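A short worksheet on the structure shown next.
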Amino acid sequence: QVQLVESGGGLVQAGGSLRLSCAASDSTFSAYAMGWFRQAPGKGREFVTAISGSGGYKMYGDSVKGRFTISRDNAKNTMYLQMDSLKPEDTAIYYCEAVQRPYVSRREYEYSYWGQGTQVTVSS
């Protein structure tokens, strides 16, 4: 069972940038497809982006396309989310999630593991 720990959240002004990290405990990290989801107050969890086990395939939600970049370093068992041109509507708790298969999904119910989340707040 893999454990996931997110970090890097915080408060930033609109137009600014943040970089989130997700550290995984499993040394077979490359066997997991990984995703970022977010949940704003009073709303359901929303797909943000996902990356295949090898890192060769990525997909993005429409609301973040062109602004966010997902990546991973399998040697460090870590996934990243570079968030640029942040908007107030990006304010949410961001969750790192994993599923033990190589290919990605934007459906949250397909993921088996998730972290505690990290808060991102974008002020206007």
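Here the structure is a predicted model, which means the values were calculated and not measured.
Under the 4.5 Å side-chain heavy-atom criterion for ILVMFWY residues, a single connected hydrophobic cluster contains both Tyr57 and Val99. Both Leu81 and Val2 sit in one connected hydrophobic cluster of ILVMFWY residues. Membership requires side-chain heavy atoms under 4.5 Å apart, directly or through other members. Residue Phe37 is not grouped with residue Val64 when hydrophobic side chains (ILVMFWY) are merged at heavy-atom distances under 4.5 angstrom, including chains of intermediate members. Follow the hydrophobic side-chain contacts under 4.5 Å out from Ile51 and you reach Leu4 in the same cluster. When hydrophobic clusters are built by joining Ile, Leu, Val, Met, Phe, Trp and Tyr residues whose side-chain heavy atoms come closer than 4.5 Å, directly or via intermediates, Tyr32 is not grouped with Val104.
In terms of heavy-atom proximity, Ala14 sits nearest to Pro88 at CB-CD, 4.1 Å. The heavy-atom pair separating Ser17 from Asp84 by the smallest distance is OG-OD1, 2.7 Å. Here the closest heavy-atom approach between residue Cys22 and residue Met34 is recorded as SG-CE, 4.1 Å. When all heavy atoms of Tyr103 and Arg101 are compared, the closest pair comes out as O-NE, 3.1 Å. Closest non-hydrogen pair, Val120 versus Gly9, comes out as CG2-CA, 4.2 Å. Taking every heavy atom of both residues into account, Ala50 and Tyr111 meet most closely at CB-OH, 3.6 Å.
In this structure the side chain of Leu20 reaches within 4.5 angstrom of the side chain of Met83, judged on heavy atoms. In this structure, the side chains of Glu108 and Phe47 stay at 4.5 Å or more apart for every pair of heavy atoms. Arg38 has its side chain within reach of Val48: a pair of non-hydrogen atoms, C-beta onward, lies under 4.5 Å apart. In this structure, the side chains of Phe68 and Leu86 come closer than 4.5 Å at one or more pairs of heavy atoms. Within the 4.5 Å cutoff, the side chain of Thr69 has no heavy atoms near those of the Tyr80 side chain.
Thr28 contributes atom OG1, which lies 8.5 Å from atom CG of Asn77 (distance to the nearest 0.5 angstrom). Of the inter-residue distances, the one linking Trp36 atom CH2 with Met79 atom CE reads 4.5 Å to the nearest 0.5 angstrom. In this structure, CD in Glu46 is found 13.5 Å from OH in Tyr95, a value given to the nearest 0.5 Å. One distance of note links CZ of Arg19 with OG of Ser71; it measures 6.0 Å at 0.5 Å rounding. Atoms CD and OG, from Gln13 and Ser124 in turn, are 9.5 Å apart once rounded to the nearest 0.5 Å.
Between the side chains of Glu89 and Ser63, no donor-acceptor pair of N or O atoms lies under 3.5 Å.
A distance-only check finds a donor-acceptor pair linking the side chain of Asn74 to the backbone of Gly53 [under 3.5 Å]. In this structure a side-chain-to-backbone donor-acceptor pair under 3.5 Å is missing from Arg72 to Gly55. Under a 3.5 Å cut-off, the side chain of Tyr60 and the backbone N or O of Ile70 do form a donor-acceptor pair. Using modelled atom types, one side-chain atom of Thr91 and one backbone atom of Val122 make a donor-acceptor pair closer than 3.5 Å. In this structure, Thr49 contributes its side chain and Met59 its backbone to a donor-acceptor pair below 3.5 Å. The closest donor-acceptor contact from the side chain of Glu6 to the backbone of Cys96 lies under 3.5 Å.
Annotation for Lys65: atom NZ counts as buried by contact number, over 12 foreign heavy atoms lying within 6.0 Å.
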